[in-house]
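The structure appears right after this line, and notes come after that.
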Amino acid sequence: MEREGTISQASKNKGRLKIVLGFTLLYLIVEVIGGIMTKSLALLADAGHMLTDVGGLALALVAINYAERKATTERTYGYYRAEILAALANAVVLIGISIYILYEAYLRFLDPPKVESKEMIAVAAVGLVVNIAGMLVLRKSSGESLNMKGAYFEVLSDMLTSIGVIAAGIIMLTTGWYYADPLLSAGIGLFILPRTWILLKESIGILLEGTPKDVNMAELRSSILLVEGVADLHDLHVWVLTSGVNAMTAHVVLKEGAGGKQVLSALQKHITENFKISHTTLQLEESGFKEEQTHP
């Protein structure tokens with residue numbers, strides 16, 4: 001019953017995400033065309049920022065779609081890692097875009113071109129309306145899952161950036177101070193870089209089978225040793241299959257006379273209830289069982 005509820009919730013969120021992704025992608029195209037026509041680097045920089053959010057929304061959809069697919073004999077864990085590979089590719093591209101925005105902003109500081117401020121404000125105003133609409137669509141579901149909350153904050157950051165672009169346009173329109181365009185552009189580029197770098201590190205960490213940040217290995221190990229019937233523990237591994245799905249394997253040495261079935265049941269209940277681990281594989285061993293250890 002729990003699995004069915006999860007799929008039903010995912011289907012509802014997927015529909016909302018598709019609507020917001022469609023609006024955001026359409027505005028991204030409009031913003032690129034508008035940035036080229038008005039010669040506004042701020043609009044083009046915001047388009048780069050929008051691209052991060054389109055990627056984030058698309059990855060949220062990928063996570064839902066692949067979570068619904070069943071594992072096969074060729075893909076025994078399913079297709080979870082497709083989300084991580086997409087995130088890695090997204091991060092690499094966006095770091096390149098951010099560096100280009102900063103370089104272009106530097107050139108414009110040296111010789112700021114005249115920007116068609118009225119048209120720039122009009123394009124940014126459309127973006128503001130699109131982002132507000134997206135926030136209204138995602139607002140309710142943002143409290144239902146971390147996946148949807150992340151998508152909501154993506155759209156929220158878009159809205160704040162649109163306000164910044166409008167403000168820069170008003171400054172240039174009223175004062176003729178065209179340094180506002182590269183100044184805001186540099187700010188957007190610097191805004192994109194830190195979170196993109198975090199996305200890159202997290203993606204690489206998952207692909208390298210790194211320990212999840214939300215699992216304390218020392219606490220996990222010590223708590224398993226306290227479970228009745230457990231004498232020792234070795235080859236403990238915890239890794240991330242995809243965002244929010246952690247897996248674990250371990251070799252557990254039983255105390256003499258301990259019942260394997262009872263210990264296994266107690267361990268699985270203890271691990272899944274007290275740690276953010278949804279998939280466990282435990283090998284039970286008797287004391288004195290000899291096997292080469294690859295991990296303490």
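Reckoned from all heavy atoms, side chains included, excluding hydrogens, waters and symmetry mates. No experiment lies behind these values; they were computed from the predicted model shown.
Inter-residue side-chain proximity for V230 and V253 is flagged as unmet; no heavy-atom pair is nearer than 4.5 Å. Taking the side chain as every heavy atom from C-beta outward, L183 and W177 approach each other to under 4.5 Å. Side chains of D181 and R108 form a contact here, defined as non-hydrogen atoms less than 4.5 Å apart. L254 has its side chain within reach of V263: a pair of non-hydrogen atoms, C-beta onward, lies under 4.5 Å apart. You'll find the side chain of Y178 reaches within 4.5 Å of the side chain of S117, heavy atoms only. With contacts defined as side-chain heavy-atom distances shorter than 4.5 Å, the pair T249/D235 does not qualify. L173 is listed as a side-chain neighbour of K118, based on a closest heavy-atom distance under 4.5 Å. Between M159 and I132, the closest side-chain pair of non-hydrogen atoms falls below 4.5 Å.
Residues Y100 and L41 fall into different hydrophobic clusters, defined by Ile, Leu, Val, Met, Phe, Trp and Tyr side chains chained together at heavy-atom separations under 4.5 Å. Linking ILVMFWY side-chain heavy atoms closer than 4.5 Å, directly or via other members, places V165 and I33 in two distinct hydrophobic clusters. Cluster annotation: I224 and M217 are assigned to the same hydrophobic cluster (Ile/Leu/Val/Met/Phe/Trp/Tyr, side-chain heavy-atom contacts under 4.5 Å, transitive). I36 and I121 fall within a single hydrophobic cluster, where Ile, Leu, Val, Met, Phe, Trp and Tyr are joined by side-chain heavy atoms under 4.5 Å apart, directly or via other members. Cluster annotation: M37 is not connected to V126 through the hydrophobic network of ILVMFWY side chains, with a link wherever side-chain heavy atoms come within less than 4.5 Å.
In this structure, OG in S40 is found 5.5 Å from CE in M172, a value given to the nearest 0.5 Å. Separation of atoms NZ (K39) and CD (E116) is listed at 7.5 Å; rounding is to 0.5 Å. With rounding to the nearest 0.5 angstrom, the CD1 atom of I101 is 10.0 Å from the CG atom of L190. For the atom pair OG1 (T24) and CG (N131), the distance works out to 6.5 Å, reported to the nearest 0.5 Å. Atom CG of L267 is separated from atom CD1 of I271 by 5.5 Å, given to the nearest 0.5 angstrom. Between the CG atom in L102 and the CG atom in L107 there is a gap of 11.5 Å [rounded to 0.5 Å].
Open room surrounds CD on E286; 12 or fewer heavy atoms of other groups in view lie less than 6.0 Å from it.
For the residue pair A42 and L184, the shortest heavy atom distance occurs at CB-CD2, 4.0 Å. Minimum interatomic distance between W197 and I95 (heavy atoms only, all atoms of both residues): CE3-CD1, 4.0 Å. The two atoms that bring H270 and F275 nearest to each other are NE2-CE1, 3.9 Å, heavy atoms only. The two residues F109 and Y179 make their nearest non-hydrogen contact at O-CE2, 3.1 Å. Closest approach of V215 and K276 over heavy atoms only: CG2-O, 4.1 Å.
S222 places a side-chain N or O within donor-acceptor distance of the main-chain N or O of E219, the cut-off being under 3.5 Å. Using a distance-only test at 3.5 Å, with no hydrogens or angles considered, a donor-acceptor pair links the side chain of T272 to the main chain of Q268.
With respect to the salt-bridge test (charged N to carboxylate O, under 4.0 angstrom), the residues E228 and K255 do not qualify.
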### Task
Give the C-alpha distance, both sets of side-chain angles, the deciding distance and a yes or no for side-chain contact (heavy atoms from CB on, under 4.5 Å) between R221 and L233.
CA-CA 8 Å; R221 174 182 293 276; L233 173 73; 3.9 Å; yes

### Task
Could you walk me through whether V240 and V245 pass the side-chain contact (heavy atoms from CB on, under 4.5 Å) test, one step at a time?
CA-CA 6 Å; V240 183; V245 182; 6.0 Å; no

### Task
Take N246 and D214, measure what side-chain contact (heavy atoms from CB on, under 4.5 Å) needs, and give me the verdict at the end.
CA-CA 9 Å; N246 299 331; D214 52 359; 3.3 Å; yes

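Side-chain N/O atoms of H234 and E285 include a donor and acceptor closer than 3.5 Å.
In summary, of the residues considered (V129, V130, L128), a side chain to side chain contact (heavy atoms under 4.5 Å, CB included) with S162 occurs for L128 alone.
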